Amino acid sequence: MTNNPGNFGLPPHAAKNKELVEQRLQDVAAGSGLQETLTIEWRTKPQVVQVIDMPVDALYYNPGTHRIRAQRSYDPQLDRRLDEDAWSDESQDYLDFLLKAEPSDPSKRDKDFDALKQSLEDFRQNEPGLITREGILVNGNTRAAALRELGVAEIRVAVLPDSCTWADINRVELSLQLRHDTRRPYSYINRLLTIDEQVEAGRPLKEVARDFRIRESTAEQDLWVLSCLRDLSDRSAAEGVRLRLLDFEDAQERLREVHRAYAKESKSDVQKAELLKENRLAAIVMNFSKTDLRLIEADFRNRYLEQRLPAELKPAPAAASGRVIPGINRAVKAEAPQVAAARAFTDSVLRAKAVVRSQAKVPPAQVEAASTVFEAAHRAVEDALEPAGKDARVRKRKQAAPDRLNDACQDIEQCITDMVLASGARSLDEEALDEAVLKLKATLKKLAQATAQTIEVPGEGVEWLREAVKRDPS
């Protein structure tokens with residue numbers, strides 16, 4: 001393995017492991033039995049690598065594995081130690097802990113890990129892991145953790161070529177993880193981080209999306225979401241604590257909803273799009289449901305929330321002034337006062353939640369104050385959602401009838417196309433069509449009668465419908 005600068009380097013027993021790996025590869029090659037191999041993607045081409053047995057306790061967890069990239073921030077001190085010395089017992093124990101932890105809350109043990117452990121106990125190892133010749137686990141970190149708990153002495157692993165680099169390790173891990181098999185998928189945040197890492201490494205987004213078997217537009221959405229989450233984490237910093245990316249692990253569908261709504265709104269009004277984004281992100285931080293989020297539009301704060309907010313959650317934003325970009329001496333227009341007010345509210349909620357989430361690191365008085373702010377904000381939004389929901393139901397009822405007519409028009413347009421095709425093939429059932437048209441005629445009469453009872457001042461369309469029905473005496 002090439003030890004390039006800027007990576008995790010080599011573990012302390014690299015030479016010893018390499019000697020053992022080489023010996024076992026030679027033993028397998030000299031044997032007369034059936035040899036097990038694994039096909040991997042190696043520098044854009046398929047390559048077959050040999051499988052051997054290795055002592056599981058001799059191997060090292062990969063500190064760069066994408067599986068727990070977000071979860072590393074669970075303990076900032078141990079995370080820093082990982083960067084300083086990834087191969088120490090303390091760092092390897094931390095990786096072992098994270099591999100067994102629930103992705104959204106590492107303080108809890110992952111039920112999926114226990115299921116994997118039970119499967120290994122019942123059926124043994126179905127697929128080999130993958131290591132470097134120095135004994136670094138490229139794939140199979142979680143399986144190695146489970147086998148160690150089970151007391152199994154050896155693990156089956158394929159071996160990468162001796163020329164591999166850390167860039168190779170990352171690419172091979174990713175390609176194996178994205179295969180359609182029984183591997184545990186990356187958690188949501190780890191997937192976002194992996195996509196971002198690949199793009200930052202210079203790979204085209206289209207290529208990265210293909211590796212993840214998603215559309216390029218979905219990958220763009222994921223990068224947008226990750227950018228928002230990093231911004232939220234930065235804005236949450238207070239009292240020496242902040243929210244971590246993994247704190248948003250369970251918000252995948254809600255974050256995607258925010259992106260869809262933002263993209264649609266920004267086509268016509270960027271300021272409204274920013275308002276909508278801030279309003280909905282604040283609701284996500286307070287853990288409101290996806291159904292609730294759909295009630296929150298750009299005008300949610302002005303129409304429903306403002307009058308329900310307590311005074312301490314109505315910070316008066318500083319007078320808006322443009323800022324100058326250093327270096328090029330160009331001014332950037334300041335955000336609108338409404339957007340600034342929405343951001344200030346979101347910031348208050350973020351900082352309060354960060355303090356509440358880190359109770360052990362913050363004085364009790366500050367935790368109590370943060371809890372008061374968070375609960376007040378949650379209560380205000382909850383109260384505001386009630387009239388917003390009523391108005392949404394009214395709008396839906398008002399729009400229901402026109403929507404159904406529009407759908408019927410689309411069906412009739414498709415009917416015209418089908419008729420032309422059927423006529424060309426001489427397969428049109430004219431009698432059935434005639435019966436359907438008569439049914440349409442009767443339905444239109446009912447529609448005209450309904451408009452006479454509900455619409456006092458008819459428009460051009462309704463007037464035409466009524467006249468058409470009057471002209472037909474039948």
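Nothing here was measured: the structure is a model prediction, and the numbers come from that model. Along the sequence shown, residues carry numbers from 1.
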Do Glu274 and Lys277 meet the salt-bridge criterion of a basic N to acidic O distance under 4.0 Å?
-> yes
So, do Ile296 and Leu385 sit near enough that their side-chain heavy atoms are less than 4.5 Å apart?
-> yes
Give every donor-acceptor pair under 3.5 Å between a side-chain atom in residues 191-198 and any protein atom, sequence neighbours left out.
{"unit_1": "Arg191", "atom_1": "NH1", "unit_2": "Asp222", "atom_2": "OD2", "d": "3.1"}
{"unit_1": "Arg191", "atom_1": "NH2", "unit_2": "Asp222", "atom_2": "OD2", "d": "3.4"}
{"unit_1": "Thr194", "atom_1": "OG1", "unit_2": "Asn190", "atom_2": "O", "d": "2.7"}
{"unit_1": "Asp196", "atom_1": "OD2", "unit_2": "Arg230", "atom_2": "NH1", "d": "3.2"}
{"unit_1": "Asp196", "atom_1": "OD2", "unit_2": "Arg230", "atom_2": "NH2", "d": "3.3"}
{"unit_1": "Glu197", "atom_1": "OE1", "unit_2": "Arg69", "atom_2": "NH1", "d": "2.7"}
{"unit_1": "Glu197", "atom_1": "OE1", "unit_2": "Arg69", "atom_2": "NH2", "d": "3.4"}
{"unit_1": "Glu197", "atom_1": "OE2", "unit_2": "His66", "atom_2": "NE2", "d": "2.7"}
{"unit_1": "Gln198", "atom_1": "OE1", "unit_2": "Arg203", "atom_2": "NH1", "d": "2.7"}

Between the main-chain N or O of Thr165 and the side-chain N or O of Asp168, is there a donor-acceptor pair closer than 3.5 Å?
-> yes
Under the ring-ring contact (aromatic ring centres under 6.0 Å, His included) test, residues paired with Phe288 that sit two or more places apart | His378
Are any side-chain N or O atoms of Thr218 and backbone N or O atoms of Ile214, one a donor and one an acceptor, separated by less than 3.5 Å?
-> no
Could you tell me whether the side chain of Ser233 and the main chain of Leu243 form a donor-acceptor pair under 3.5 Å?
-> yes
For Glu102, the salt bridge (charged side-chain N to carboxylate O under 4.0 Å, His left out) test, sequence neighbours excluded, returns none
Exam field: side chain Asp110 to backbone Pro103, donor-acceptor pair closer than 3.5 Å | no
So, Ser289 versus Asp292: side-chain donor-acceptor pair below 3.5 Å or not?
-> yes
Does Gln359 reach the main-chain N or O of Val367 with its side chain, forming a donor-acceptor pair under 3.5 Å?
-> no
With sequence neighbours excluded, residues passing side chain to side chain contact (heavy atoms under 4.5 Å, CB included) with Ala115 | none
Main-chain N/O of Tyr304 paired to Arg308 side chain as donor or acceptor, under 3.5 Å | yes
Is a side-chain N or O of Asn279 found less than 3.5 angstrom from the main chain of Glu297, in a donor-acceptor match?
-> yes
Answer yes or no: does atom CZ of Arg43 have more than 12 heavy-atom neighbours from other residues, nucleotides or ligands under 6.0 Å?
-> yes
Charged N-O contact under 4.0 Å between Lys16 and Glu19 | no
Does the pair Arg254 and Glu257 meet the rule for a salt bridge (Lys or Arg N to Asp or Glu O under 4.0 Å), with working shown?
-> CA-CA 5 Å; Arg254 287 174 289 163; Glu257 283 269 331; over 6 Å; no
ring-ring contact (aromatic ring centres under 6.0 Å, His included) with Tyr60: which residues, sequence neighbours excluded?
-> Trp87
Who are the side chain to side chain contact (heavy atoms under 4.5 Å, CB included) partners of Ala237, not counting sequence neighbours?
-> Arg242
Is the closest basic N to carboxylate O distance between Lys272 and Glu265 below 4.0 Å?
-> no
Counting heavy atoms not belonging to Glu368, are there more than 12 under 6.0 Å from its CD?
-> no
Look only at the side chain of Arg351 and the backbone of Ala238, and say whether a donor-acceptor pair between them is shorter than 3.5 Å.
-> no
Under the ring-ring contact (aromatic ring centres under 6.0 Å, His included) test, which residues partner Trp224, sequence neighbours left out?
-> His259, Tyr262
Check whether any side-chain N or O of Ser175 sits under 3.5 Å from a backbone N or O of Val172 as a donor-acceptor pair, and report yes or no.
-> yes
Got a sec, which residues hit salt bridge (charged side-chain N to carboxylate O under 4.0 Å, His left out) with Asp57, two or more places apart in sequence or on another chain?
-> Arg148
Student check: side-chain heavy atoms of Leu205 and Glu220 closer than 4.5 Å | yes
So side-chain hydrogen bond (donor to acceptor under 3.5 Å, both in side chains) across residues 89-101, not counting sequence neighbours, yields Tyr61-Asp96, Arg81-Glu90, Ser88-Ser91, Asp96-Lys100, Lys100-Glu149
Applying side chain to side chain donor-acceptor pair (under 3.5 Å) to Asp247 and not counting sequence neighbours gives Arg244, Arg357
Who passes salt bridge (charged side-chain N to carboxylate O under 4.0 Å, His left out) against Asp403, sequence neighbours left out?
-> none
State whether the number of non-hydrogen atoms from other residues, nucleotides or ligands found under 6.0 Å of Gln307 atom CD is greater than 12.
-> yes
So the side-chain hydrogen bond (donor to acceptor under 3.5 Å, both in side chains) pairs with at least one residue in residues 32-41 (sequence neighbours excluded) are Glu36-Arg156
Between the main-chain N or O of Ile136 and the side-chain N or O of Thr132, is there a donor-acceptor pair closer than 3.5 Å?
-> yes
